[in-house]
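We use all heavy atoms of the structure for the numbers below, so side chains are in, but hydrogens, waters and symmetry mates are not.
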Amino acid sequence: MNKQILLGTVSAVALMLAAHGAAQAQSTSTTTTSSNVATGVTVDTSNEIEAFAFKHFTGALQAQQNGSVNSSVSQNMAIDAFKLRNVGVGFFSAATSTNTVSGNSATSSSVPAADSEGTDNSIEDSTFKHAKGAVQVQQNRSINSSTGQNMDIDPISDRGGTAGFSFDTVSGTASLANTVNGNTITKGSVGGGNSITDGAFKHAKGAFEVQQNNSINSSTQQNMAITAQDDRGGSPGPVPTAEADLTQNVQNNSASPFNPGIVAGVTVDGSNTIDAGAFKDAAGAFQVQQSNSANSAAGQNMAVGAFDARNGSGGGSDGRGDDAVSKSTVTGNLAQGFNPSTVVDTENAIDGGAFKHARGAFQVQQNGSINSAVGQNMAVSAVKETGAATDKTISASATSTNTVSDNVANPISVVTSSDPDNDISGSAFKHAKGAFQVQQNRSIDSSTGQNMKVTAVSDPRGTVSSSVSAAATLTSTVDSNFVTNDPGGAVTGANAMTDGAFKHAAGAFQAQQNNSTNSSTQQNMAVVALKAEDGPVKSFTANAEADLTHTVSGNLALAGVTSSNVIDDRAFKDARGAFQVQQSTSSDSAVGQNMAIAAGTASADAAVSTTTVSGNIAGIFFGTAGFNVNIDADNTIDDFAFKNARGAFQVQQNASVNGSASQNMAVSALKESGRPTDPNVLASATSNNSVTGNQASTVHIDSDNTIDDFAFKNAAGAFQVQQNASVNSSTGQNMRILAVSDPNGSISSNLDSTATLNSTVGGSGSAANTASNSTVSGDNSLEDFAFKNAKGAFQVQQNNSINSSTQQNMAIEAVSVKDATSVSFSSDEIANLGNVVTGNTATSVTVAGLNQIDNHAFQNARGAFQVQQNNSANSAVSQNMSIVAVSTTGRH
């Protein structure tokens, strides 16, 4: 697994560009857009770059096309490029972008679309084909908005030099803060087509930002800091630091406020399209952003620190800690409207081999939103060296904290469906490699985020005397939100990943498609990979800590969700590495994927998942039943979708109201030769879940969950697959894996594996759950050789539920010490399962549907796995597993 992570991350992040060299550069951008008034304003500019306009461009370029009223539109770039020899010095880049959009008012104003084909903001016809260097491209159409690009780059060539000292390290720091507060839109609309087509950036290399924006009262930003140093033949120095901090606050904004009654709503539609090999063979560090928004913060933030010191000598001193920190707050926002309603109907499409063979560290974001925070945050540290001493500590920490509270989507605010809605197809990311994030979002009053920290070190024949640790912490709070739309669903929209979209993709990547109101939908990943083949190992430990906390409380939903989540047509065939795939259609929900991977040894660490779903109401309005809440979004994975996929990966398809849907995984993996294992080896998985005080009336779940057609044939590694349709429920998968391979080594260890799972559904008094006049009738199907030849440790979960806790929990410890020189160990496997179901009431509730496993679904499957299919109301449904496996046999 670490080979695949390194394959993309290290090799491609040795980016460095057309420019050579650099010292210290700082790029600081500050914008304030406040207290502006726009009445009866229309911005209908067309921005177009075409016909080889910048083909074969080399150097530093800013290209800006703008049509705006009361707006701040900016490009900011700082570059230090040096070419040195045999110099001992450290370099750093710092990009800081701070933006405030507050107290603005737009009435009867619009940013309209000329046509649906995307000629409003358009980049096409090999425009930047073979371009090299540092490039910013911006196309903007806005009212009362801040639209910006900020970049700081330090490329250094210092053959024979030193990549910094402990007090003067190689580092990249990117800080992006967006505040969108107290803005008002009445009778407004945002349209416009954003399109990047026809090999526009084919073979482009370097560091570049591409931004297309249509907005009212929004902050749309790209921020990047990169330090890359070439010290071949020199001294390595400490592992470089990369710190990425993204903070987005969207508070107290209104789309069609009471005036004094409810007036016409706000519409965000148009299209975002990337296709026709637009970024085929692109390489380096790049951000691509297409956004149509009102009262929203849309941000991309990236920090990269990399050096290449192959064929050098000496040992690096200890580096400094770094991490990726993402924070979002979406509170007190109001979205409403009548005739027309307040609508998000943007089309997001990536296809036509758009990013085929793309390499490096890159972010791709397509957004249509009202009152939302939409963010991508990435920090990458990458090293190539030979025969050096590794750092004392090598770490990766990813922390994502999100709050969605006190928002109102009231008659009638909807995320509607057209064709396509969110679509990734046409071999869009085939053979893409590196660390990358892909996000498609359509939301109202929501937080949608991707957060990733990757540290990758390649040091053949190096000396390992290190601790390697990965920590991923994801916290989402969804509290006291209100959504209504009767009749009809509040959220519709099809999520599709098809046509070999990620076939042969490799590295660490996240793919996210979201349709939501009042929800937090997050992906969080921390990865550490160390490759030191043929080197002496002195002392080595590794920790992988994954902590996921979801709280969903006090929400009122009078509308459901519909449409479909589909992954098929070999979408992830032969994909490798550490990756997360998430498709979600939700209202008032917390939806999360959290993963921590340490590719090294292991000591005490854990996977801890905690979910609380309490005091939520679906279908009842001030004591009166009759509002239909229908969950009718089908989840489908078929057609060899993950055939031959390998590594550690999570796949999540979700349709929920007032729900928590979570996947949490911590993996430690080590390969070494002739070394003693750690004194204490512990794998701990803990899952605590509470579903209390929820009420459901006139709720109908009719979603089908299907996995078929060899979907995971030959899949191998540690993976979780979850399909969920639920109301007022907690649905979770939690996994902790520790694997050690040490031929000719020795064992004198305590080997412990503990799996603890506790679920509470209901209680006395106000803690009891109630369900009335409701049905659960979706089908769960596993068929057609779905997991044929699958290998490893995996969890498969299909769920349809009301007021329920449905959980899978697994702790595995595997040690292989072939031809061991000495064997003396103790082992302890503990599995604790506690379920409490009490005080609940079900009246006129029908649970039907079909659970089916057939057609050789798990033929030849091997390893440790859990399979769960559930249809329930007011229930706790659980699987819990603890395993310790030791092998000391070998050739003798």
Side-chain angles (χ1 to χ4, degrees), residues 328 330 372-373 400 402-409 413-415 441-449 474-485 489-493 495 512-523 548-563 565 582-594 609 611-619 629-633 635 652-663 689-691 694 696 699 701 703 722-732 799-806:
S328 70
V330 181
S372 294
S400 177
N402 312 280
T403 301
V404 180
S405 64
D406 300 302
N407 299 289
V408 175
S413 298
V414 293
V415 178
N441 179 64
R442 305 162 74 246
S443 66
I444 297 175
D445 296 345
S446 293
S447 170
T448 308
L474 173 60
T475 304
S476 288
T477 302
V478 180
D479 180 66
S480 302
N481 299 287
F482 177 78
V483 60
T484 180
N485 177 35
V491 183
T492 62
N495 295 317
Q512 183 184 58
Q513 295 178 315
N514 179 59
N515 299 288
S516 67
T517 62
N518 300 348
S519 294
S520 175
T521 308
Q522 309 294 330
Q523 291 177 311
L548 183 145
T549 304
H550 277 178
T551 302
V552 182
S553 61
N555 299 288
L556 173 59
L558 303 181
V561 297
T562 62
S563 207
N565 297 314
Q582 185 181 58
Q583 296 178 313
S584 182
T585 302
S586 68
S587 177
D588 296 347
S589 295
V591 185
Q593 291 177 310
N594 192 49
S609 180
T611 68
T612 302
V613 180
S614 64
N616 299 288
I617 298 175
V629 176
N630 298 320
I631 308 293
D632 191 21
N635 298 314
Q652 184 181 58
Q653 295 179 313
N654 177 63
S656 64
V657 173
N658 298 346
S660 168
S662 62
Q663 291 178 310
N689 311 279
S690 175
V691 180
N694 300 287
V699 171
I701 297 178
S703 296
Q722 183 184 64
Q723 295 179 314
N724 179 59
S726 66
V727 174
N728 299 347
S729 294
S730 169
T731 308
N799 178 60
N800 297 294
S801 66
I802 299 174
N803 298 346
S804 295
S805 175
T806 310

| query | Is there a donor-acceptor pair closer than 3.5 Å between any side-chain N or O of Asn635 and the backbone N or O of Asn724? | reply | yes
| field | side chain to side chain donor-acceptor pair (under 3.5 Å) between Asn407 and Ser405, worked out | value | CA-CA 6 Å; Asn407 299 289; Ser405 64; 5.6 Å; no
| message | Has Ser729 got a side-chain atom pairing as donor or acceptor with Val727's backbone, closer than 3.5 angstrom? | response | yes
| query | If you take all heavy atoms of Ala557 and Val629, which pair is closest and at what distance? | reply | O-CG2, 3.7 Å
| query | Checking Asn694 side chain against Asn616 main chain: does a donor-acceptor pair fall under 3.5 Å? | reply | yes
| query | Could you give the distance from CG (Asp588) to CG (Leu556), rounded to the nearest 0.5 Å? | reply | 8.0 Å
| For the residue pair Ser480 and Asn555, what are the closest heavy atoms and their distance? | N-OD1, 3.3 Å
| query | Is a side-chain donor or acceptor of Asn515 paired with a backbone partner of Ser443 at a separation under 3.5 angstrom? | reply | no
| request: Can you measure from OG (Ser516) to CZ (Arg442) and round to the nearest 0.5 angstrom? | output: 10.0 Å
| field | Thr517 and Asp445: side chain donor to acceptor below 3.5 Å | value | no
| Value rounded to 0.5 Å, distance of CD in Gln663 from CG in Leu474 | 11.5 Å
| query | For Val591, which of Val478, Thr521, Asn514 qualifies under side-chain contact (heavy atoms from CB on, under 4.5 Å)? | reply | Thr521
| task | Return yes if some donor-acceptor pair links the side-chain N/O of Thr492 with the main-chain N/O of Val415 below 3.5 Å, else return no. | result | yes
| query | Is a side-chain N or O of Asn402 found less than 3.5 angstrom from the main chain of Ser447, in a donor-acceptor match? | reply | no
| query | For the residue pair Ser519 and Ser586, what are the closest heavy atoms and their distance? | reply | OG-OG, 3.0 Å
| field | Least distance between heavy atoms, Asn689 atom then Ser805 atom | value | CB-OG, 3.7 Å
| Between Asp406 and Asn481, is a side-chain contact (heavy atoms from CB on, under 4.5 Å) present by the stated rule, with each step listed? | CA-CA 5 Å; Asp406 300 302; Asn481 299 287; 5.6 Å; no
| query | What do the steps show when you test Ser660 against Ser589 for side-chain contact (heavy atoms from CB on, under 4.5 Å), and what is the final call? | reply | CA-CA 6 Å; Ser660 168; Ser589 295; over 6 Å; no
| query | Have Asn441 and Thr448 got a donor and an acceptor in their side chains that come within less than 3.5 Å? | reply | yes
| field | Closest non-hydrogen atom pair, Gln583 against Asn495 | value | NE2-O, 3.3 Å
| query | With sequence neighbours excluded, what pairs up with Ser614 under the side-chain contact (heavy atoms from CB on, under 4.5 Å) test? | reply | Ser553, Thr612, Thr692
| said: Just verifying a value: how many Å separate Asn658 CG and Asn728 CG, rounded to the nearest 0.5 Å? | reply: 4.5 Å
| note | Smallest heavy-atom separation, Ile701 atom then Ser726 atom, equals CD1-CA, 3.9 Å
| Backbone of Ala633 reached by a side-chain donor or acceptor of Ser703 within 3.5 Å | yes
| Gap separating the CG atom of Asn594 from the CD atom of Gln522, nearest 0.5 angstrom | 10.5 Å
| Test item: Thr403 and Val330 side chains (from C-beta on) under 4.5 Å apart, heavy atoms | no
| said: Assess the residue pair Thr477 and Asp479 against the criterion (side chain to side chain donor-acceptor pair (under 3.5 Å)); give the C-alpha distance rounded to whole Å, side-chain angles, the decisive distance to 0.1 Å, and a yes or no. | reply: CA-CA 6 Å; Thr477 302; Asp479 180 66; over 6 Å; no
| query | Atom CD in Gln722, atom OG in Ser662: separation rounded to 0.5 Å? | reply | 6.5 Å
| message | I'd like to know if the side chain of Gln653 reaches the main chain of Ser584, judged simply by a donor and an acceptor atom lying under 3.5 Å from each other, with no hydrogens or angles considered. | response | no
| query | Between Gln512 (side chain) and Gly449 (backbone), is there a donor-acceptor pair under 3.5 Å? | reply | yes
| message | Tell me whether Ser804 contacts the main-chain N or O of Ile802 through its side chain, where contact means a donor paired with an acceptor under 3.5 Å. | response | yes
